[in-house]
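Working notes, structure below.
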Amino acid sequence: MKSPQKTPRVTASSIARQLGVSQPVVSSVLGNGALRVGAELAGRIRKTAAEAGYRPNAAARAIVTGRFSMVTLLLSIEHYRSLLPGELLDGIIDALTRRQYHLSLAKCGDAELTKKDGLPHVFRAYMCDGLLINYNADIPMALVRHVKSSGLPAIWLNTKQPSDCVYHDDFDAGRTAAQKLLEAGHCRTAFVNLTGAGHYSATDRREGFLQTIQNAGATCDVFETQVAGWGTASAAAAMTLLRKRRGRPTAVATYTTWEARACVTAARQVGLDVPGELSIVTFGLDPLDYLDLDVTTLRIDERRLGEQAVDALFKRMERPGEHVPAAAVPAALHPGVTLAPPRKRNS
């Protein structure tokens with residue numbers, strides 16, 4: 001029995017011979033674009049390549065150009081350090097696809113960062129053109145050192161650095177939330193954080209909100225504690241704020257949608273009408289619809305974060321020795337129905 005014959009691989013050289021042109025001309029049209037080629041000839045080359053089933057040799061292109069057309073997204077094995085919302089991943093992939101680039105993933109733990117042989121492959125061999133680092137909490141200094149020593153262009157996601165990073169403008173989001181409550185006539189407000197989170201977003205949302213409220217001469221309670229669990233525990237914590245006899249806030253801004261759920265639940269339990277007696281503004285990836293309430297939300301745009309991170313990385317790749325300025329992605333207001341002027345409670 002005869003073994004099946006292999007179909008000859010279609011190459012730029014074979015297409016050049018078929019059309020009677022030089023191989024560099026074909027390669028330029030189908031790949032690197034280094035030469036100027038007339039529209040008619042370029043069209044014939046592309047048509048011939050498509051009919052022949054031509055596929056570029058990525059390995060050969062990498063040797064010629066010194067580029068892999070690959071970006072690596074670096075994550076921690078600790079989930080809380082590298083939260084990866086679907087919208088963020090979509091933004092990254094879509095932005096890379098527009099540039100005909102691919103994405104690879106790499107994960108590492110703290111122990112690996114201190115062992116040369118245990119380092120992720122991305123630090124031990126040239127396999128990509130740049131790094132997107134989604135390490136946004138408790139960043140190990142060993143990781144920072146490895147990134148610098150690798151020589152790879154890198155952009156940090158969702159963490160604030162002096163440069164080479166893209167993050168959410170949470171301070172401005174906090175300020176916007178405060179402005180909306182002030183415009184509605186609220187003078188007694190509170191900022192609620194029940195997570196105990198140490199991420200910059202917790203500080204920035206609180207400070208943006210607090211400063212804006214205080215600059216307007218209004219009052220703001222900062223209610224921060226760490227609740228061991230959600231549901232009943234978080235609602236009980238919120239009730240301690242809403243049961244105040246004097247100085248009870250007429251509006252709250254909550255660090256995440258979890259606290260917004262707790263405040264809605266607590267308000268129902270103590271008999272407060274939302275939004276008539278308690279307005280609620282929160283921050284999140286998507287608007288919160290809870291207990292038939294469309295909660296007013298400052299939407300965090302993860303897709304745009306991913307797209308801008310890729311843009312920043314390509315700027316670094318074009319000029320490897322230069323840093324790019326830190327970039328902040330603004331939030332967008334989803335009006336919802338939980339923000340209204342304060343109403344006096346019937347006695």
Side-chain angles (χ1 to χ4, degrees), residues 76 78-85 135-139 158-159 167-168 170-171 173-174 176-178 181 186 188-211 213 219-275 277-300 302 331 334 336-339:
S76 170
E78 301 290 345
H79 179 66
Y80 80 95
R81 286 180 171 177
S82 297
L83 298 178
L84 187 60
Y135 240 95
N136 42 59
D138 300 332
I139 300 171
N158 202 20
T159 184
Y167 62 93
H168 295 294
D170 287 291
F171 185 90
T176 299
L181 294 179
H186 291 278
R188 297 194 310 275
T189 64
F191 183 86
V192 181
N193 180 357
L194 305 178
T195 68
H199 190 248
Y200 82 88
S201 59
T203 302
D204 280 11
R205 291 175 193 175
R206 180 193 67 213
E207 291 305 304
F209 185 83
L210 182 61
Q211 290 181 27
I213 292 291
T219 61
C220 178
D221 287 339
V222 176
F223 187 74
E224 293 181 318
T225 185
Q226 186 168 3
V227 176
W230 300 103
T232 303
S234 57
M239 284 175 65
T240 64
L241 175 68
L242 302 185
R243 278 177 170 164
K244 293 174 63 175
R245 291 189 177 184
R246 291 186 178 181
R248 179 185 63 78
T250 62
V252 297
T254 70
Y255 171 48
T256 71
T257 55
W258 284 107
E259 288 92 343
R261 290 172 185 265
C263 287
V264 170
T265 302
R268 294 276 176 96
Q269 290 174 343
V270 300
L272 294 176
D273 173 66
V274 177
E277 295 169 304
L278 182 71
S279 285
I280 300 174
V281 180
T282 191
F283 307 83
L285 303 182
D286 297 300
L288 171 65
D289 191 341
Y290 182 63
L291 296 181
D292 298 323
L293 287 173
D294 181 13
V295 179
T296 302
T297 306
L298 271 299
R299 296 190 65 181
I300 306 304
E302 291 286 356
H334 170 75
V337 300
T338 58
L339 193 160

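Quick caveat, the model's predicted, so the values are computed rather than measured.
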Determine whether Leu272 and Arg248 make a side-chain contact, defined as any pair of heavy atoms from C-beta on separated by less than 4.5 Å. yes

On a heavy-atom basis, which atom in Phe209 and which in Ala190 lie closest, and how many Å separate them? CE2-O, 4.0 Å

Test item: Glu224 and Tyr255 side chains (from C-beta on) under 4.5 Å apart, heavy atoms: no

Any non-hydrogen side-chain atom of Pro275 less than 4.5 Å from a side-chain atom of Leu339? no

What's the shortest heavy-atom distance between Leu278 and Cys263, and which atoms? CD2-O, 4.4 Å

Student check: side-chain heavy atoms of Thr257 and Val295 closer than 4.5 Å: no

Taking the side chain as everything from C-beta on, heavy atoms only, tell me whether Asp294 gets closer than 4.5 Å to His334. yes

What's the separation between atom CG in Leu288 and atom CH2 in Trp258, rounded to the nearest 0.5 Å? 10.0 Å

Considering all heavy atoms, the nearest Asp286-Thr297 contact: O-CG2, 4.1 Å

Taking side chain as C-beta onward, heavy atoms only, is Thr225 less than 4.5 Å from Val227? yes

Does some side-chain heavy atom of His199 sit less than 4.5 Å from a side-chain heavy atom of Asn158? yes

Under the salt bridge (Lys or Arg N to Asp or Glu O under 4.0 Å) rule, collect the residues that match up with Asp289, sequence neighbours excluded. none

With Asp273, which residues qualify under salt bridge (Lys or Arg N to Asp or Glu O under 4.0 Å), at least two apart? Arg343

Determine yes or no for a side-chain-to-main-chain donor-acceptor pair under 3.5 angstrom, with Ser82 supplying the side chain and Ser76 the backbone. yes

Rounded to the nearest 0.5 Å, how far does CG of Asn193 lie from CZ of Phe223? 10.5 Å

Step by step, work out the side chain to side chain donor-acceptor pair (under 3.5 Å) result for His168 and Asp204. CA-CA 10 Å; His168 295 294; Asp204 280 11; over 6 Å; no

Which atom of Val337 lies closest to which atom of Thr296, heavy atoms considered: N-OG1, 3.9 Å

Nearest 0.5 Å, what's the OG1-CZ distance between Thr176 and Arg205? 12.0 Å

Please evaluate residues Val222 and Arg206 with respect to the criterion side chain to side chain contact (heavy atoms under 4.5 Å, CB included), reporting the C-alpha separation (whole Å), side-chain torsions for both, the decisive distance (0.1 Å), and the verdict. CA-CA 8 Å; Val222 176; Arg206 180 193 67 213; 3.8 Å; yes

Those residues at least two apart in sequence (or on a different chain) that pass side-chain hydrogen bond (donor to acceptor under 3.5 Å, both in side chains) with Arg268 are none

Using side chain to side chain contact (heavy atoms under 4.5 Å, CB included), reason through Ile300 and Asp170 one step at a time and then give a plain yes or no. CA-CA 9 Å; Ile300 306 304; Asp170 287 291; 4.0 Å; yes

Provide the closest heavy-atom pair for Gly271 versus Glu277 in the form atom of the first, atom of the second, distance. O-OE1, 3.8 Å

Start with the C-alpha distance between Thr265 and Tyr290, add both sets of side-chain angles, then the distance that settles side chain to side chain donor-acceptor pair (under 3.5 Å), and finish with yes or no. CA-CA 9 Å; Thr265 302; Tyr290 182 63; 2.8 Å; yes

Glu259 and Ser234, any side-chain heavy atoms less than 4.5 Å apart: no

Run Phe171 and Thr203 through side chain to side chain contact (heavy atoms under 4.5 Å, CB included) and show every step you take. CA-CA 8 Å; Phe171 185 90; Thr203 302; over 6 Å; no

So OG1 of Thr250 and CG of Leu181: to nearest 0.5 Å the spacing works out to 8.0 Å

Correct closest heavy-atom pair for Ile213 and Thr219 would be CG2-O, 3.5 Å

One should read off an interatomic distance between Gln226 CD and Thr195 OG1, to the nearest 0.5 angstrom, of 7.5 Å

Classify the ring geometry between Tyr200 and Tyr167 as parallel (under 30°), tilted (30 to 60°) or perpendicular (over 60°). perpendicular

